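In what follows, a structure is listed as structure tokens, so that the remarks can point back to it.
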Amino acid sequence: VQIEVVTIGDELLLGFTVDTNAAHLARQLAAQGVAIVRRSTCGDEAHEIAAAVREALDRTGAVITTGGLGPTSDDLTKESIAAIFGRGMHRDESIVENLKERWKKRGWPGDLPVANLQQAMVPDGCEILTNNHGSAPGIWLEDERGRWVAMLPGVPREMRGMLADTLLPRITARLSAGAEAPRVIASRTLRTSGIAESALADKLGPLAKAPFGLSLAYLPGVEGVDLRLTSRGRTAAEAEPVFAQATAAIHELVGHNIYGEGNDDLAALVLDEMRARHITLALAESCTGGLLGARITAIPGSSDVLLGGVVAYANAVKRSMLGVREATLATFGAVSEETAREMALGARERIGADAALSITGVAGPGGATPGKPVGHTCFGVALGGDVHTFTMNLYGDRAEIRERAAQAALFALRRALAKPAS
Ligand code: ATP
Ligand code: MG
């Protein structure tokens, strides 16, 4: 929906009053996703109001006015706009009662001035927007085609109150009722790990491009490849089932590699799972130097799961702190699955945890040896009676390799947790 704002008042045109109402309306509506596409200001004369509102109505069919609702003879907004809609005016007795009561409550002498009765005159077929902050009620006038004008008071405090209390809820309810549901650009993200974007595209096959009419973007990063589905030209309600269909179909093909949605953090998901199952964790890190521990401890409540870790950088520390055997290091090297296995077992036993993760690799830029290039990284996952080890050739610069290694370790742990207990 597109809305125009018309602010009414000679004092605005003359520059004696700064038009804060239009700015406030624009900000409040934008916050609800409704765009003010044009705003204009006109004088107090009936023909000026009629011209400004008629033009705005022709462009958008949805207009908000402020000003000219008061009891004095320069307040002509309602009559002018009723005329555009071809409606007459009548007196609304509930407003009269309301005004009389306000007058009495204030303790003012005598009866309600006749001039105030002008405020009870409203267009035929309108709806009244109650004013909890002043005397002039607002007006909602709508024709058979659904074109509408909402008339708010000029006094900024009253205008703001009525907008918040009555008009904004009404506009947002109309939008969600679908009658005027806007076509939106909406996205869903599926987060994958442990698979390259080209391999993802291969596995997705015919779904790799435009699944179910959605566009699909591959967004690689150090945490993995995010799959971002985007819907254009649908309302939010129309997009929902299409997203559901597409994500189900993608799960079918590459669900193995999907660990979450949106902004999900793999470390947080793994922690939640372990906390729920009362499994504690120990870490043994070489090339990541504590990065994995930092990822995990960044999450509030991680102490429920993580007992501690050892940064075992030198071989001597791998031996003394984790019990990695001299022979293992000599035969297979510090970067090997055999060493990763003993690191994980040592950390689990010495820290006294249920599970352990280990990482040892060549982060670069130096340190590559024949058969072990930069990025060559070995992992160990100790869970239950089992120690699972594997090797990955991670790419990127030193910082990226280290971050990819931490993510890969978490992903391996998540997979191990998903397996039925052995
Ligand atoms: P009232 O019952 O007081 O006559 P009204 O709805 O007729 O209210 P106006 O007479 O147009 O409103 O304006 C009332 C006061 O609100 C004025 O003093 C004016 O300075 C202020 N005002 C009106 N329009 C605006 C605006 N767009 N931005 C800021 N202030 C405004
Ligand atoms: Mg006035």
Side-chain angles (χ1 to χ4, degrees), residues 3-30 34 36-53 55-56 62-84 89 91-92 94-106 108 112-123 126-141 148-168 170-171:
I3 295 181
E4 284 203 30
V5 167
V6 177
T7 48
I8 299 164
D10 286 341
E11 74 277 17
L12 298 169
L13 287 179
L14 292 170
F16 291 119
T17 300
V18 176
D19 189 353
T20 56
N21 283 353
H24 181 82
L25 282 166
R27 281 197 303 269
Q28 295 298 306
L29 286 157
V34 180
I36 300 288
V37 291
R38 189 192 289 230
R39 46 197 232 202
S40 51
T41 300
C42 67
D44 286 316
E45 298 283 342
H47 71 269
E48 296 174 286
I49 298 171
V53 172
E55 286 168 22
V63 180
I64 299 173
T65 70
T66 78
L69 293 186
T72 54
S73 59
D74 63 346
D75 293 318
L76 298 169
T77 300
K78 287 179 290 188
E79 294 88 318
S80 315
I81 295 173
I84 298 175
M89 302 285 286
R91 198 164 93 172
D92 185 287
S94 71
I95 298 176
V96 176
E97 284 314 306
N98 223 314
L99 292 170
K100 281 185 179 161
E101 207 154 293
R102 277 179 67 88
W103 189 263
K104 243 199 326 219
K105 257 201 207 141
R106 297 235 161 146
W108 286 332
L112 183 75
V114 178
N116 272 105
L117 294 177
Q118 154 76 6
Q119 285 184 293
M121 297 298 291
V122 299
C126 76
E127 288 175 72
I128 289 157
L129 307 174
T130 48
N131 187 343
N132 303 318
H133 311 267
S135 62
I139 302 290
W140 176 279
L141 196 54
W148 57 264
V149 180
M151 297 164 232
L152 304 183
V155 180
R157 190 179 49 79
E158 296 182 26
M159 187 282 295
R160 289 173 195 207
M162 193 178 289
L163 178 68
D165 297 348
T166 324
L167 185 58
L168 268 187
R170 177 181 283 250
I171 290 174

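Both ligands and their constituent atoms are indexed starting at 1 by order of listing. What you are looking at is a predicted structure, and each value in this text was computed from that prediction instead of being measured.
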Would you kindly specify which portion of [X] sits under 4.0 Å from ligand 1, judged on non-hydrogen atoms: side chain, backbone, both or neither?
| X | result |
| --- | --- |
| E11 | side chain |
| V18 | backbone |
| T17 | side chain |
| D75 | side chain |
| T66 | side chain |
| T7 | side chain |

Heavy-atom contacts with [X] under 4.0 Å: which atoms of ligand 1 show up? List them by number with element.
| X | result |
| --- | --- |
| T20 | 28 (N), 29 (C) |
| G67 | 6 (O), 11 (O), 12 (O) |
| P153 | 6 (O) |
| D19 | 26 (C), 27 (N), 28 (N) |

> Can a donor-acceptor pair be found between the side chains of T7 and D19 at a distance below 3.5 Å?
Replying inline: yes
Any donor-acceptor N or O pair under 3.5 Å, side chains E101, N98: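 No - no donor-acceptor pair under 3.5 Å links their side chains.
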**Q.** Close approach of T72 to ligand 1, heavy atoms, under 4.0 angstrom
**A.**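 Outside the 4.0 Å threshold, so no.
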Sub-3.5 Å N/O-N/O distance, [X] and ligand 1:
| X | answer |
| --- | --- |
| G154 | yes |
| Q119 | no |
| A136 | no |
| G68 | yes |

Measure across [X] and [Y] and return the closest heavy-atom pair with its distance rounded to 0.1 Å.
| X | Y | result |
| --- | --- | --- |
| P156 | T20 | CG-OG1, 4.2 Å |
| M89 | A82 | SD-CB, 3.8 Å |
| A56 | V6 | CB-CG2, 4.2 Å |
| I95 | I128 | CD1-CD1, 3.6 Å |

Considering G70, P156, G134 one by one, which has a heavy atom nearer to atom 4 (O) of ligand 1 than any of the others?
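Selected option, by shortest heavy-atom distance: G70.
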Check whether any side-chain heavy atom of [X] sits under 4.5 Å from a side-chain heavy atom of [Y], and report yes or no.
| X | Y | value |
| --- | --- | --- |
| E4 | I36 | no |
| V63 | T65 | yes |
| S135 | W103 | no |
| I81 | M151 | yes |

